[in-house]
Participant: 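My questions will all concern the structure given below.
Being a predicted model, the structure only gives us computed values, none of them experimental.
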Amino acid sequence: MKKAKQLMDSVYWVGARDITNRYFHGELYPIDEGCTYNAYLIVDDQVTLIDTVEEEFSQDCLERIQSVLGDRPIDNIIMQHAEPDHSGGLLEIKAIYPNAKVYASVGGVRNIKAQFPIDFEIEALKTNDTMTTGNYHFQFVEMQMIHWPDNMLTYCPELKTVFSNDAFGQHIVNYQLTDENLDRSFCLDKAKEYFANIVLPYTAQVNAKLNFINNLHLEIETIMPAHGIIWKQYVPDILTAYEDFAHLKPSNKVVIVYQSVWKHTQQMAEALAEGFGDAGMDVKIYPLADTKSTIIFKEIVDAKLICVGSGTYNNDISYSVGAFLTHLRAAKLKGKKGLGFGAFGWFPKVPSQIDQALTDAGLESVHDAISHVFSPDTTDLENYYNIAQEIAKEL
């Protein structure tokens, strides 16, 4: 039987671990060690469940709940997000606890009803609405488009805890559940990866909500997200990091991604990398088809410049580069610069097409697209090295 884990007085983790998952949100987000679906049970005069789990793990969640409650019922179910990895267990849990009142944001009510055959009422919550369960009070903040229109978070002043749903999440599967036995840089790196692959298109909304929450002057000692570890000792660090992520705060970094047929484009990429590196920049260079998108987008968050190169495939951009450019456009980046490059045999337009795609994705071009016919020689590569040096001086 699955058992709950007590986190603090009256608060229990009743979620699930999906240790075989290697693709979160389908192909969007490759992950290495699985993920968690965090649900939280608060036992007070009234019993409150915050979020559920993905449908296939509903029984795990129920067993953990019953390990705490026995035959006692749940009074309230707060659904902070309608996405199935959080709401999938709702119907099964509601069937066991039919008298539990269900709450969600205005958007959450709509989206839950659109996804499931609901035959019970869901009460809509708005920002600054509150609930009292006895000793504990809960305040709600809508978090529209972080990363769905229905997201919200819940704050309990008596517990000094934010139940943040997808915000501040990461994919760390740790059986101690908190950050207390983990390295700070590891935790923040995983949070950056999650932000880059899930939240990145919504930086404007994140900035607005961070400002709103800061103005509430909440006393926060613990952050309990819907995925990954619970933040306790690194709470100030993750709050500061999220401000940096949301502002796309740049470091002196260039990310170079490419796909090469006969290594000609690879040679160009390496010459550019040498030039940027010798100019003092932090260089990250990746062959696209052999690199997880999670790694690349994590590095893009704080990069100044993104260089994209492709050989010519049937008079077009390579498939992996084309998919990357589509992903980049969806990320809605602001304040970054771009450069297209590539080698060709007889069709010269691919580098300029890349450059245009980078512009369409919101990046400012730093140089005319760099094209090379067939194999670059030493003089050519030195020229690309020098171009990188000149660009670095201007950044």
Participant: Taking atom CD1 as the centre, does Ile19 end up with more than 12 heavy-atom neighbours from other residues, nucleotides or ligands that are less than 6.0 angstrom away?
Facilitator: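 It does not: Ile19 CD1 has 12 such atoms or fewer within range.
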
Participant: For a 4.5 angstrom cut-off between non-hydrogen side-chain atoms, does Arg72 reach Val43?
Facilitator: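 Yes, at least one pair of side-chain atoms sits under 4.5 Å.
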
Participant: Any side-chain heavy atom of Tyr97 within less than 4.5 Å of one from Leu62?
Facilitator: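 Answer yes - side chains close enough.
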
Participant: Are Ile65 and Ile77 grouped together when hydrophobic residues (ILVMFWY) are joined by side-chain heavy atoms under 4.5 angstrom apart?
Facilitator: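 Linked, Ile65 and Ile77 end up in one cluster.
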
Participant: Go through the structure and list residues passing side-chain hydrogen bond (donor to acceptor under 3.5 Å, both in side chains) with Trp13, not counting sequence neighbours.
Facilitator: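 In terms of side-chain hydrogen bond (donor to acceptor under 3.5 Å, both in side chains), with neighbours along the sequence ignored, Trp13 is linked to Asn38.
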
Participant: State, without any angle test, whether Glu180 and Thr178 hold a side-chain donor-acceptor pair at a distance under 3.5 Å.
Facilitator: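 Checked: Glu180/Thr178 side chains pair up, N/O donor to acceptor below 3.5 Å.
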
Participant: Examine distances only and state if a side-chain atom of Ser251 and a backbone atom of Asp302 form a donor-acceptor pair shorter than 3.5 Å.
Facilitator: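 Judged by distance alone, yes, a pair lies under 3.5 Å.
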
Participant: Verify the distance criterion only: is there a donor paired with an acceptor across the side chains of His227 and Gln170 at less than 3.5 Å?
Facilitator: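 There is no such pair (donor and acceptor under 3.5 Å, judged by atom type) between the side chains of His227 and Gln170.
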
Participant: Examine the side chains of Asp360 and Gln356 and answer whether a donor and an acceptor come within less than 3.5 Å of each other.
Facilitator: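 The answer is yes; a qualifying pair exists.
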
Participant: If you define the side chain from C-beta out and look only at heavy atoms, does anything of Lys253 sit under 4.5 Å from Val283?
Facilitator: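 With C-beta onward as the side chain, the pair stays apart.
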
Participant: Please tell me whether Phe297 and Phe324 form a close aromatic pair, meaning their ring centres lie under 6.0 Å apart.
Facilitator: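 Judged by ring-centre distance (under 6.0 Å), Phe297 and Phe324 do meet the cut-off.
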
Participant: Hydrophobic clustering (ILVMFWY, side-chain heavy atoms < 4.5 Å, transitive) - are Ile93 and Ile112 grouped together?
Facilitator: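 Cluster IDs for Ile112 and Ile93 match.
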
Participant: Set out, in order, the CA-CA distance, both residues' side-chain angles and the distance that settles side-chain contact (heavy atoms from CB on, under 4.5 Å) for Leu159 and Thr222, then state yes or no.
Facilitator: CA-CA 8 Å; Leu159 296 170; Thr222 308; over 6 Å; no

Participant: What verdict does the ring-ring contact (aromatic ring centres under 6.0 Å, His included) test give for His86 and Tyr37, after you've listed the backbone C-alpha separation in whole Å, the side-chain angles of each residue and the deciding distance to 0.1 Å?
Facilitator: CA-CA 7 Å; His86 310 293; Tyr37 308 115; 7.4 Å; no

Participant: Are Lys190 and Asp32 close enough that some pair of their side-chain heavy atoms sits under 4.5 Å apart?
Facilitator: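 SC-SC contact between Lys190 and Asp32 confirmed.
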
Participant: What closest approach, in Å, do Ser260 and Gln266 show between heavy atoms, and which atom pair accounts for it?
Facilitator: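 Heavy-atom minimum between the residues: OG-N, 3.2 Å.
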
Participant: Taking Thr312 for the side chain and Asn315 for the main chain, is one N or O donor matched with an acceptor at less than 3.5 Å?
Facilitator: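 A pair under 3.5 Å: no.
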
Participant: Mind checking the CD1-CD1 spacing from Ile50 to Ile78? Nearest 0.5 Å is all I need.
Facilitator: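 One gets 4.5 Å once the value is rounded to the nearest 0.5 Å.
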
Participant: Do side-chain atoms of Ser87 reach the backbone of Leu90 as a donor and acceptor pair under 3.5 angstrom?
Facilitator: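 The answer is no, because no donor-acceptor pair under 3.5 Å joins these two groups.
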
Participant: Tell me whether Phe116 shares a hydrophobic cluster with Val109, the cluster being built from Ile, Leu, Val, Met, Phe, Trp, Tyr side chains joined at under 4.5 Å.
Facilitator: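 The answer is yes; both residues are in one hydrophobic cluster.
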
Participant: Would Phe245 and Val235 show up in the same hydrophobic cluster when neighbours are defined by side-chain heavy atoms closer than 4.5 Å?
Facilitator: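 Cluster IDs for Phe245 and Val235 match.
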
Participant: Give, for atom CZ of Phe195 and atom CG of Leu200, the distance between the pair rounded to the nearest 0.5 Å.
Facilitator: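 One gets 6.0 Å once the value is rounded to the nearest 0.5 Å.
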
Participant: If you measure from CD on Glu54 to CG on Asp60, what distance do you get to the nearest 0.5 Å?
Facilitator: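 So the CD of Glu54 and the CG of Asp60 are separated by 11.5 Å.
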
Participant: In terms of side-chain heavy atoms, does Glu394 have a donor or acceptor partner in His367 at a distance below 3.5 Å?
Facilitator: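 Glu394 vs His367: no donor-acceptor pair found between side chains.
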
Participant: Of all heavy-atom pairs between Glu142 and Met152, which one has the smallest distance, and what is that distance?
Facilitator: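 So the two residues come closest at CA-CB, 3.9 Å.
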
Participant: Quick check: closest heavy atoms across His81 and Glu83, and the distance to 0.1 Å?
Facilitator: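 That would be NE2-OE1, 2.9 Å.
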
Participant: Does NZ or CZ of Lys5 fall inside the cone over Tyr12's six-membered ring, less than 6.0 Å from its centre and within 45° of the axis?
Facilitator: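 Negative - Lys5 is either too far from the ring of Tyr12 or too far off its axis.
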
Participant: Please report the shortest heavy-atom distance between Gly340 and Ile354, naming the atom on each side.
Facilitator: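 In this case the closest contact between Gly340 and Ile354 is CA-CG2, 3.8 Å.
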
Participant: Should the ring pair His171 and Tyr194 be called parallel, tilted or perpendicular, given that the plane angle runs from 0 to 90° and is split at 30 and 60?
Facilitator: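 Judged by the thresholds at 30° and 60°, the geometry between His171 and Tyr194 is perpendicular.
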
Participant: Are His137 and Tyr155 close enough that a side-chain donor and a side-chain acceptor fall under 3.5 Å?
Facilitator: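 No, Tyr155 and His137 have no side-chain donor paired with an acceptor closer than 3.5 Å.
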
Participant: Minimum heavy-atom separation for Ile42 and Tyr136, please, with both atom names.
Facilitator: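 What the structure gives for the nearest pair is CG2-CD1, 3.6 Å.
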
Participant: Please work out which of the three classes, parallel, tilted or perpendicular, describes the rings of Phe24 and Tyr29, given edges at 30° and 60°.
Facilitator: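 Taking Phe24 first and then Tyr29, their aromatic rings stand perpendicular (interplane angle over 60°).
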
Participant: Given the rule in the side-chain hydrogen bond (donor to acceptor under 3.5 Å, both in side chains) test, do Asp150 and Asn111 qualify, once you have shown the distances and angles that lead to the verdict?
Facilitator: CA-CA 8 Å; Asp150 57 66; Asn111 288 346; 2.6 Å; yes

Participant: Does the side chain of Leu381 reach to within under 4.5 Å of the side chain of Thr378, using non-hydrogen atoms?
Facilitator: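 No, side chains not in contact.
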
Participant: With side-chain contact (heavy atoms from CB on, under 4.5 Å) as the criterion, how do Thr52 and Met79 come out once you've worked through the C-alpha distance, each side chain's angles and the decisive distance to 0.1 Å?
Facilitator: CA-CA 7 Å; Thr52 69; Met79 296 303 311; 3.9 Å; yes

Participant: Under 6.0 Å from the CD atom of Gln59, do we count more than 12 heavy atoms belonging to anything else shown?
Facilitator: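 It does: Gln59 CD has more than 12 such atoms within range.
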
Participant: Can you tell whether the side chains of Lys192 and Asp244 come within less than 4.0 Å, N to carboxylate O?
Facilitator: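 No.
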
Participant: Passes side-chain contact (heavy atoms from CB on, under 4.5 Å), Phe344 versus Val350? Steps please.
Facilitator: CA-CA 8 Å; Phe344 66 95; Val350 163; over 6 Å; no

Participant: Return the minimal non-hydrogen interatomic distance between Leu210 and Ala246, and the atom names on each side.
Facilitator: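 That closest heavy-atom pairing would be CD1-CB, 4.5 Å.
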
Participant: Any non-hydrogen side-chain atom of Ile172 less than 4.5 Å from a side-chain atom of Leu182?
Facilitator: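 Yes. Closest side-chain heavy atoms under 4.5 Å.
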
Participant: Any donor-acceptor pair under 3.5 Å linking the side-chain atoms of Asn76 with those of Gln46?
Facilitator: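 On atom types as modelled, these side chains qualify, holding a pair under 3.5 Å.
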
Participant: In a check of salt bridge (Lys or Arg N to Asp or Glu O under 4.0 Å) between Arg184 and each of Asp179, Asp189, Asp237, which one passes?
Facilitator: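 Passing option: Asp237.
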
Participant: Take Asn135 and Asp45 through the test side-chain hydrogen bond (donor to acceptor under 3.5 Å, both in side chains) and record every step on the way to the result.
Facilitator: CA-CA 7 Å; Asn135 295 313; Asp45 294 346; 4.8 Å; no

Participant: Using 30° and 60° as the class limits, which term best fits the ring planes of Phe168 and Tyr242: parallel, tilted or perpendicular?
Facilitator: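 Rings of Phe168 and Tyr242: tilted, as their planes differ by 30° to 60°.
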
Participant: Aromatic rings His264 and Phe374: how do their planes relate, parallel, tilted or perpendicular, breaks at 30° and 60°?
Facilitator: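 Judged by the thresholds at 30° and 60°, the geometry between His264 and Phe374 is perpendicular.
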
Participant: Does a donor on one side chain sit under 3.5 Å from an acceptor on the other, for Gln80 and Thr154?
Facilitator: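 Yes, side-chain donor-acceptor contact under 3.5 Å.
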
Participant: Between Tyr40 and Phe163, does the ring centre distance come in under 6.0 Å?
Facilitator: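 For Tyr40 and Phe163, the ring centres are under 6.0 Å apart.
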
Participant: What I want to check is whether the side chains of Ser365 and Asp355 have a donor and an acceptor closer together than 3.5 Å.
Facilitator: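 Checked: Ser365/Asp355 side chains pair up, N/O donor to acceptor below 3.5 Å.
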
Participant: Hey, does Pro351 have a side-chain heavy atom less than 4.5 Å from the side chain of Phe341?
Facilitator: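 Phe341 vs Pro351: side chains apart.
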
Participant: Quick check on Asn314: does its CG atom have over 12 non-hydrogen neighbours (other residues, nucleotides or ligands) under 6.0 Å away?
Facilitator: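 Not more than 12 within 6.0 Å, no.
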
Participant: Tell me, with the steps shown, if Thr48 and Leu41 meet side-chain contact (heavy atoms from CB on, under 4.5 Å).
Facilitator: CA-CA 6 Å; Thr48 301; Leu41 192 71; over 6 Å; no

Participant: Take atom CD of Gln66 as the centre, draw a 6.0 Å sphere, and report whether it contains more than 12 heavy atoms from other residues, nucleotides or ligands.
Facilitator: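 Counting neighbours around CD of Gln66, more than 12 heavy atoms of other residues, nucleotides or ligands fall under 6.0 Å, so yes.
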
Participant: Answer yes or no: is there an ion pair linking Lys160 with Glu221, defined by an N-O contact shorter than 4.0 Å?
Facilitator: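 Looking at Lys160 and Glu221, the cut-off is met.
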
Participant: Counting only N and O atoms by type, is there a donor-acceptor contact under 3.5 Å from the side chain of His327 to the main-chain atoms of Ala323?
Facilitator: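 Here the side-chain-to-backbone pair does not exist.
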
Participant: I'd like to check Lys292 versus Ile296 (side-chain heavy atoms, cut-off strictly below 4.5 Å). Are they in contact?
Facilitator: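 No. Closest side-chain heavy atoms not under 4.5 Å.
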
Participant: Nearest 0.5 Å, what's the CD1-OG1 distance between Ile370 and Thr265?
Facilitator: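 Nearest 0.5 Å value for the CD1-OG1 distance: 11.5 Å.
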
